[in-house]
Amino acid sequence: MLKNNIPQRRCIGCMTSKNQCDLIRMTCIKAYNNNTNHNPLGINIDVRGIYPGRGFYICKNVSCLEMAIKKKAFQRVIKGPIDDETLNKLRVDLVELMD
């Protein structure tokens, strides 16, 4: 008999594995130049899980968000820089989504 497996994903803030449905998915928005270089432009919050691209997850609490920002997890995951304006907008959007 087959058992239903629930996909597990790891939070980039606290680095614990949880059920995928208990986390918030985000994707990286990238711009491609001449099909050789890519520069990260920002981050999409992907509530429905439909955006293409590299996805990463964060817990639905503010402490994991602050921990991810403090240890520069967003920059590490998208392999590029993120400006402070983008991080502040992301913080506001995620806090609003978590409430």
Side-chain angles (χ1 to χ4, degrees):
M1 181 159 89
L2 292 175
K3 200 176 179 183
N4 288 341
N5 291 333
I6 300 172
Q8 299 285 300
R9 300 292 182 258
R10 184 171 294 188
C11 170
I12 64 169
C14 63
M15 300 303 288
T16 58
S17 293
K18 296 184 179 183
N19 293 340
Q20 183 176 0
C21 60
D22 295 334
L23 299 169
I24 298 171
R25 182 176 192 264
M26 292 176 275
T27 58
C28 177
I29 306 167
K30 292 191 176 187
Y32 293 92
N33 301 327
N34 300 331
N35 296 326
T36 56
N37 295 338
H38 54 84
N39 299 321
L41 290 178
I43 297 172
N44 266 341
I45 298 173
D46 188 9
V47 178
R48 297 185 327 178
I50 60 170
Y51 290 120
R54 171 115 172 104
F56 50 96
Y57 295 82
I58 193 161
C59 293
K60 295 178 180 177
N61 62 49
V62 179
S63 63
C64 283
L65 172 63
E66 294 301 328
M67 197 180 319
I69 291 172
K70 181 179 178 182
K71 63 184 192 177
K72 300 183 187 243
F74 291 106
Q75 289 91 330
R76 184 180 66 247
V77 170
I78 69 168
K79 299 176 183 167
I82 301 175
D83 60 357
D84 291 337
E85 181 181 332
T86 303
L87 279 177
N88 290 334
K89 183 182 180 318
L90 181 66
R91 179 184 286 126
V92 169
D93 292 345
L94 282 173
V95 167
E96 183 179 303
L97 187 65
M98 291 174 189
D99 290 339

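Position 1 is the first residue of the sequence; numbering continues from there.
Formation of a donor-acceptor pair under 3.5 Å by the Asn88 side chain with backbone atoms of Val92 is not found in this model.
A distance of 7.5 Å separates OG1 in Thr27 from OH in Tyr51, rounded to the nearest 0.5 Å. Considering CG of Leu97 and CD1 of Ile24, their distance stands at 4.5 Å, rounded to 0.5 Å. One distance of note links SG of Cys59 with CE of Met98; it measures 8.5 Å at 0.5 Å rounding. In this structure, CD1 on Ile43 lies 3.5 Å from CD1 on Ile82, to the nearest 0.5 angstrom. Atom CD of Gln20 sits about 8.0 Å away from atom CZ of Arg25, to the nearest 0.5 Å.
A single hydrophobic cluster is not seen to contain both Leu90 and Leu23; linkage of ILVMFWY side chains at heavy-atom distances under 4.5 Å, directly or through other members, places them apart. Residues Met67 and Leu94 do not share a hydrophobic cluster, clusters being chains of Ile/Leu/Val/Met/Phe/Trp/Tyr side chains in contact below 4.5 Å.
The nearest pair of heavy atoms linking Ile58 to Leu65 is CD1-CA, 3.5 Å. Annotation for Cys28 and Phe56: closest pair N-CE2, 4.2 Å, computed over non-hydrogen atoms.
Residues Tyr57 and Asp22 have side chains not in contact (no heavy-atom distance under 4.5 Å, counting atoms from C-beta outward). Two residues are said to be in side-chain contact when any heavy atoms from C-beta on lie closer than 4.5 Å; Met26 and Ile45 meet this criterion.
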Ignoring hydrogens and angles, write down the donor-acceptor pairs under 3.5 Å from the side chains of residues 8-15, residues two or more places apart or on other chains.
{"unit_1": "Gln8", "atom_1": "NE2", "unit_2": "Asn19", "atom_2": "OD1", "d": "2.5"}

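Every residue two or more places apart in sequence or in another chain that forms a side-chain contact (heavy atoms from CB on, under 4.5 Å) with Lys72 is listed here: Gln75. Every residue meeting the salt bridge (charged side-chain N to carboxylate O under 4.0 Å, His left out) condition with Lys89, not counting sequence neighbours, appears here in chain and number order: Asp93.
The number of heavy atoms from other shown groups lying within 6.0 Å of CD1 (Ile6) does not exceed 12.
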